[in-house]
Amino acid sequence: MDQFIAKLPKAELHLHLEGSFEPELMFAIARRNKVEIPYRSAEEVRAAYRFANLQDFLDIYYAGASVLLAEEDFFDLTRAYLKRAAADNVRHVEVFFDPQTHTDRGVPFKTVADGIWRALCEGEKEFGITAKLILSFLRHLPEESAFATLKQAEPYLDRFAAVGLDSSEVGHPPAKFARVFAAAREAGLKLVAHAGEEGPPEYVWEALDVLKIDRIDHGNRSLEDPRLVERIVKDGLTLTVCPLSNLKLCVVKDLKQHPIKRMLDLGLRATVNSDDPAFFGGYVGANFEAIAAALPLTREDLRTLAANSFAGSFLSDAEKSAHIAAVRAAV
Ligand code: ADE
Ligand code: ZN
């Protein structure tokens, strides 16, 4: 099964660049920037990666990102992710970055955007991976801060495919960002939002009806509401599901209880993604392998998941068709 998975061409649609920050690179960049980190080794950092919930993880994730200061740091972070993704036969990525995590520390928006962008452009040539970039707003901050970020992004709008919404979900419902999402849509961007990861099905309804999103990040808790499932199926929306993330953040107790097989059986367009692979123990290939080991997924299911990753992307119809034909040809 693992060989079958390795052969499948894949797209990754839910990946936080800051969440791909491996401890070894964190140490190297901290040294380069003469920043102190409260760990003595990469092993010690990994040992600290035990989370009871999303907030536990976010506290460590933001602390790790604080060593990123220079354009070269954002370049190195992005390049390392693309190199790792290529090893998993990933052909296309749509990746998030959190500008506010950096601009709030005094790092200029341009420094972040230029480093990431240069790595994505070079990565297409070096690794054959096409990329789209998603500017994600932090939902624990006020909507005014998201508006300020959208304003900073204006000179670079052609680099961004979409805006997203991430960070602490419960207590920060999608409607809090109704106006800034409308402005992003007006600016020609696609819209995605984390919804139903820890938050209730009502947050997914709000993301659909108020934000009018084009794709749902996570969406696990949608399954608690049959009318919501019916709506997502009818609209043909994609869910970017992250199995190892769900396990590590205690969204599921055991991968045997992971809902991704049920999602497929309900007719939902589910995809497999790694979310924050440096923190959750695996990149997209490992996520496929983990669900294939835990759930009664058939080869046809795995092929569907790979095809869904392209179908649910923001590529053109012609590009999607070419990739989906490659999925079929590969297996
Ligand atoms: N930021 C990085 N990973 C996240 C996740 N899984 N949920 C919400 N915000 C995040
Ligand atoms: Zn995420």
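Ligands are counted one by one from 1 in listed order, and the atoms in each one are counted from 1 as well. Quick caveat: nothing in here was measured; it's all calculated off a predicted structure. What you see below is based on every heavy atom in this structure, not just the backbone, and it leaves out hydrogens, waters and symmetry mates.
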Peer 1: Any carboxylate oxygen within less than 4.0 angstrom of a Lys/Arg side-chain nitrogen, looking at Lys248 and Asp56?
Peer 2: no
Peer 1: Hey, can you tell me if Phe280 and Phe57 have their rings parallel, tilted or perpendicular (30° and 60° cut-offs)?
Peer 2: tilted
Peer 1: Using 2.8 Å as a strict upper limit, say whether an N, O or S atom of His194 approaches the Zn ion (ligand 2) that closely.
Peer 2: yes
Peer 1: With under 30° as parallel and over 60° as perpendicular, where do the rings of Phe96 and His194 fit, or are they tilted in between?
Peer 2: tilted
Peer 1: Distance check below 2.8 Å: does Asp166 bring an N, O or S atom to the Zn ion (ligand 2)?
Peer 2: no
Peer 1: Could you walk me through whether Thr130 and Glu124 pass the side-chain hydrogen bond (donor to acceptor under 3.5 Å, both in side chains) test, one step at a time?
Peer 2: CA-CA 5 Å; Thr130 56; Glu124 180 165 354; 5.9 Å; no
Peer 1: His16: which N/O/S atom is nearest the Zn ion (ligand 2)?
Peer 2: NE2
Peer 1: Do you know the tightest heavy-atom contact between Leu54 and Glu198?
Peer 2: N-OE2, 2.9 Å
Peer 1: Please work out which of the three classes, parallel, tilted or perpendicular, describes the rings of Phe109 and Phe160, given edges at 30° and 60°.
Peer 2: perpendicular
Peer 1: Could you please provide the protein residues found below 4.0 Å of ligand 1 on a heavy-atom basis, arranged by chain and number?
Peer 2: His16, Leu54, Phe57, Leu58, Tyr61, Asp166, Ser167, His194, Glu197, His218, Asp275, Asp276
Peer 1: Of all N, O or S atoms in Asp275, which has the smallest distance to the Zn ion (ligand 2)?
Peer 2: OD1
Peer 1: Answer yes or no: are there more than 12 heavy-atom neighbours, outside Lys190 itself, under 6.0 Å from its atom NZ?
Peer 2: no
Peer 1: Both conditions, 6.0 Å and 45 degrees, for the charged tip of Arg221 above the ring of Tyr203: are they met here?
Peer 2: no
Peer 1: Counting backbone and side chain alike, does His14 bring an N/O/S atom below 2.8 Å of the Zn ion (ligand 2)?
Peer 2: yes
